[in-house]
Amino acid sequence: KGEKGSSEDNGMQLAVRLMNEQLRTLQDNFNKFKKIFIFSIGKEVGRKIFVTNGLEYDYETASRMCSRAGGLVASPKNADENLALQEIVSKHDKRSFLGITDLHTEGTFKYSTGGTITYSNWHSNEPNNDKGNEDCVELNTDGKWNDTSCTNKKLLICEF
Ligand code: IPD
Ligand code: CA
């Protein structure tokens, strides 16, 4: 029994070692892919990843595209996240939509997921609901927010 047991143990040890090697290769490849991805089209902040496809859409389309991809239109919840988005917007030199609107109740800005916003970075004198027609929010290249029409086309940035 001793002999048989030890050859089974050896087989098991070999299988575990091979699996560890494969896992390490997979992790290395994944980390490299992530670096390339973040370098080209995204930003990582904490556990969030912001990604753009570089194109501009109205808010409804932007919202649908992020949802279909399993994400949400980007919503900065703190200064670090706002800065990461500002960097994407500056790189593309195109303002983006945030996943924040007052479509439900005029003057009360909420996340697309429902709650009232807990962080904001409005430009001075904003939100002003210009012409009574500004229920969406754009992020400018200076990192400041402006309420704007949802039918304008802005850079798509989703968060995952
Ligand atoms: C407007 C101004 C205003 C802002 C509006 C914009 P426009 O641009 O920048 O300060 O609050 O959201 O639409 O219409 O004067 O080119
Ligand atoms: Ca405005």
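Note that ligands are numbered from 1 as they come in the structure, with each ligand's atoms numbered from 1 the same way.
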(request) For the Ca ion (ligand 2), state how many protein N, O or S atoms fall inside a distance shorter than 3.0 Å. (result)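 My tally for this metal is 6.
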(request) Can you see which heavy atom on Y119 is nearest to which on Y111, and at what distance? (result)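 Scanning both residues completely, I find the closest heavy atoms to be N-OH, 3.8 Å.
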(request) Could you pull out all residues at least two apart from S112 that satisfy side chain to side chain donor-acceptor pair (under 3.5 Å)? (result) none
(request) Ignoring hydrogens, tell whether any protein atom lies closer than 4.0 Å to atom 9 (O) of ligand 1; use the non-hydrogen atoms only. (result)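 There is no protein heavy atom less than 4.0 Å from atom 9 (O) of ligand 1.
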(message) My question is simple, although I want it checked carefully: is atom 16 (O) of ligand 1 less than 4.0 angstrom from any protein heavy atom?
(response)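 No.
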(message) For residues 145-154, which residue pairs pass the salt bridge (charged side-chain N to carboxylate O under 4.0 Å, His left out) check, not counting sequence neighbours?
(response)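 Qualifying pairs, neighbours excluded: E138-K154.
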(message) Quick check against the 3.5 Å criterion: does S90 have a side-chain atom that pairs as donor or acceptor with the backbone of T141?
(response)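 Looks like yes, one N/O pair under 3.5 Å.
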(message) Donor-acceptor pair, distance only, cut-off 3.5 Å: does the side chain of S120 make one with the backbone of W122?
(response)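 Between the backbone of W122 and the side chain of S120 there is no qualifying donor-acceptor contact (under 3.5 Å).
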(request) Give a yes/no verdict on whether any heavy atom in D147 is under 4.0 Å from an atom of ligand 1. (result) yes
(request) May I ask whether N128 has any heavy atom positioned less than 4.0 angstrom from an atom of ligand 1? (result) yes
(request) Could you tell me whether the side chains of D58 and T61 share a donor-acceptor contact shorter than 3.5 Å? (result) yes
How far is [atom] from its nearest protein heavy atom, and which residue and atom is that?
atom: atom 2 (C) of ligand 1; result: D130 OD2, 4.7 Å
atom: atom 14 (O) of ligand 1; result: K131 NZ, 3.9 Å
atom: atom 4 (C) of ligand 1; result: E126 OE2, 3.3 Å
atom: atom 12 (O) of ligand 1; result: E134 OE2, 2.4 Å

(message) Taking 4.0 Å as the limit for heavy-atom contacts, which would you say applies to N146 with ligand 1: side chain only, backbone only, both, or neither?
(response) side chain
(request) For side chain to side chain contact (heavy atoms under 4.5 Å, CB included), just list the numbers for N129 and D135, CA-CA rounded to whole Å, side-chain angles, deciding distance to a tenth of an Å, and then say yes or no. (result) CA-CA 7 Å; N129 196 29; D135 295 336; 4.0 Å; yes
(message) Test of understanding: with salt bridge (charged side-chain N to carboxylate O under 4.0 Å, His left out), list the residues that count as partners of K34, not counting sequence neighbours.
(response) E44
(message) Show, in sequence, the C-alpha distance, side-chain angles and deciding distance for D130 and N146, and conclude whether the side chain to side chain contact (heavy atoms under 4.5 Å, CB included) test is met.
(response) CA-CA 10 Å; D130 197 25; N146 172 44; over 6 Å; no
(message) Counting neighbours of CG on N125 that are heavy atoms of other residues, nucleotides or ligands and sit closer than 6.0 Å, is the number greater than 12?
(response)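 Counting neighbours around CG of N125, 12 or fewer heavy atoms of other residues, nucleotides or ligands fall under 6.0 Å, so no.
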